Amino acid sequence: MELYKLTAHELHKLLSEKKISSLEITESIYGRIEKLDKNINSYITLAKESALQQARKADKKISAGGKIGPLSGIPVSIKDVISTKNIKTTCGSRMLENYIPIFDATVIEKFKRENTVILGKTNMDEFAMGSSTENSAYGACRNPWDTSTIPGGSSGGSAACVAADLAIMSLGSDTGGSVRQPASMCGVVGLKPTYGRVSRYGLLAFASSLDQIGTFTKDVEDTAILLNIIAGHDPLDSTSVAKEVPDYTKSLKNDAKKLKIGVPKEYFAEGIHQEVKKSIQNAVETFKKLGAEIMEISLPHTEYAVATFYIIAPAEASSNLARYVGVNFGHRTRDKGIGNIVDMYEKTRDEGFGNEVKRRIMLGTYALSSGYYEAYYLKASKVRTLIKKDFDEAFHKCDVILTPVSPTPAFKIGEKISDPLQMYLSDIFTIPINLAGLPAISIPCGFSNKGLPIGLQIIGKPFDEEKILQTAYTFEQNTEFHKKKPKID
Ligand code: GLN
């Protein structure tokens with residue numbers, strides 16, 4: 001049996017029935033990684049030894065007859081922005097090339113309690129800044145559907161490895177679209193939970209008021225299972241919310257009747273690829289046939305979202321990244337000619353950071369500088385509130401909102417790398433959701449003429465992941481898009 005192909009819920013069943021072992025699953029995936037990942041480059045670091053150890057531990061528990069958790073013995077991968085004790089965590093940067101955390105992120109601790117198998121750390125844009133995983137210091141990641149194209153970003157490695165069956169599921173981070181956009185481009189399911197739903201403790205900070213850990217899975221059922229494990233309040237993250245965690249698997253109902261779906265007119269404007277537009281319209285039709293009520297809505301401040309994000313995110317990043325000066329973490333220049341500490345900081349940062357990270361630090365430092373703070377950061381914060389209010393208003397009328405995830409399917413490697421503005425615009429439909437702190441999912445809803453996946457975004461009310469999951473599950477049960485796999489063998 002090709003165990004690597006299965007979902008977590010399928011594997012859990014086989015494990016519980018003692019028909020397979022976690023060691024078999026884990027070995028089947030490493031075999032595949034060794035064969036195929038040289039063409040995709042979805043992993044930066046593999047943690048084979050500790051993974052096999054964890055698998056054996058899970059198997060022991062199973063053979064002892066104890067009841068096992070839904071992710072016990074299931075091999076997952078982790079974006080290299082999440083701290084893993086004793087496993088290198090580079091953030092896709094030279095700066096942290098040799099950084100080995102001495103503690104686990106809360107989400108990793110939760111996995112360890114479950115005996116979940118951690119395969120390794122996935123490729124990403126440096127410090128999660130990017131939309132194509134080309135800004136990685138460890139080489140670009142490739143899209144398994146067409147290796148001449150990008151997998152999306154910044155969690156491109158996580159999306160690519162789930163699509164290529166090089167992990168059963170994966171964790172990523174989403175600050176402006178970094179889970180949903182790569183999920184859409186690689187044809188997998190990607191959820192960004194509500195800000196505060198999942199602990200950020202141990203997630204290396206990019207823009208703290210926007211960052212949220214999210215999930216990559218092969219189907220919606222696995223998303224619900226994974227969210228059950230990682231959601232919840234954490235005293236170590238004061239922005240995590242002390243709200244009860246429902247059993248998300250209860251939301252997996254094939255039912256669109258009574259569902260009120262809003263479709264915002266601003267999300268179908270110029271610049272959107274015709275095949276993307278068509279796929280989203282078809283998805284809306286599918287929901288109509290299933291009995292949902294469809295209504296046009298307006299989110300009038302949408303056009304300011306990208307500009308607002310590119311003040312707030314770089315401003316927060318410039319502050320968060322100030323810690324990398326060659327003292328506490330990671331790289332320090334070896335230049336012997338340096339005579340004072342300020343020059344040491346400068347040289348270290350010049351050597352350790354790539355171009356996009358430097359661009360963001362400059363943008364953010366400028367936006368926060370004395371005399372400009374009110375004009376930029378304060379103004380952007382006010383516009384952010386207006387964007388949030390647009391959604392509040394819309395959610396008086398509808399339960400969920402449907403939009404495209406990305407204006408285009410995956411583009412060619414190199415196509416946008418020298419045009420940052422074009423790159424930034426690929427997050428035009430995902431950024432507003434982070435600014436408003438809302439939950440949203442990307443699910444497969446079509447293919448371009450060239451056979452590249454297209455994703456549908458379902459946006460929910462704050463802490464209403466349940467409605468998103470129900471909507472996504474209903475679509476999945478009535479369509480076949482999620483069943484198609486890239487041909488990479
Ligand atoms: N692509 C956006 C950026 O480059 C968002 C990235 C993210 O969500 N981490 O900032």
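The residues of the chain are indexed from 1 along the displayed sequence. Values in this document were obtained by computation on a predicted structure and should not be read as measured data. Hydrogens, waters and symmetry mates are skipped; everything else that's a heavy atom, side chains included, is used. Each ligand, and each atom within it, is numbered from 1 in the order the structure gives.
A donor-acceptor distance shorter than 3.5 angstrom exists from the side chain of H233 to the backbone of S240, with no hydrogens or angles considered. With Q212 contributing its side chain and V198 its backbone, the two residues share a donor-acceptor pair below 3.5 Å. Between the side chain of K110 and the main chain of A231, a donor-acceptor pair closer than 3.5 Å is present.
Using a 4.0 Å heavy-atom cutoff, R360 is listed among the residues neighbouring ligand 1. Using a 4.0 Å cutoff on heavy atoms, G130 counts as a contact of ligand 1.
Salt-bridge check for E97 with R94: passed, with a basic side-chain N closer than 4.0 Å to an acidic carboxylate O.
By the 3.5 Å distance cut-off applied to N or O atoms, F309 is not counted among the residues near ligand 1. Between F206 and ligand 1, not a single N/O pair is under 3.5 Å apart. Checking only distances, T175 does come within under 3.5 Å of ligand 1, N or O to N or O. Looking at ligand 1, you'll find an N or O of S131 within less than 3.5 Å of one of its N or O atoms.
The aromatic rings of F206 and F309 lie perpendicular to each other, with more than 60° between the two planes, well past the 30° mark.
Which of I431, D427, D174 comes nearest to atom 1 (N) of ligand 1 through a heavy atom is settled by distance: it is D427.
With ligand atoms numbered from 1 in the order given, ligand 1 contributes 9 (N) to contacts under 4.0 Å with heavy atoms of S154.
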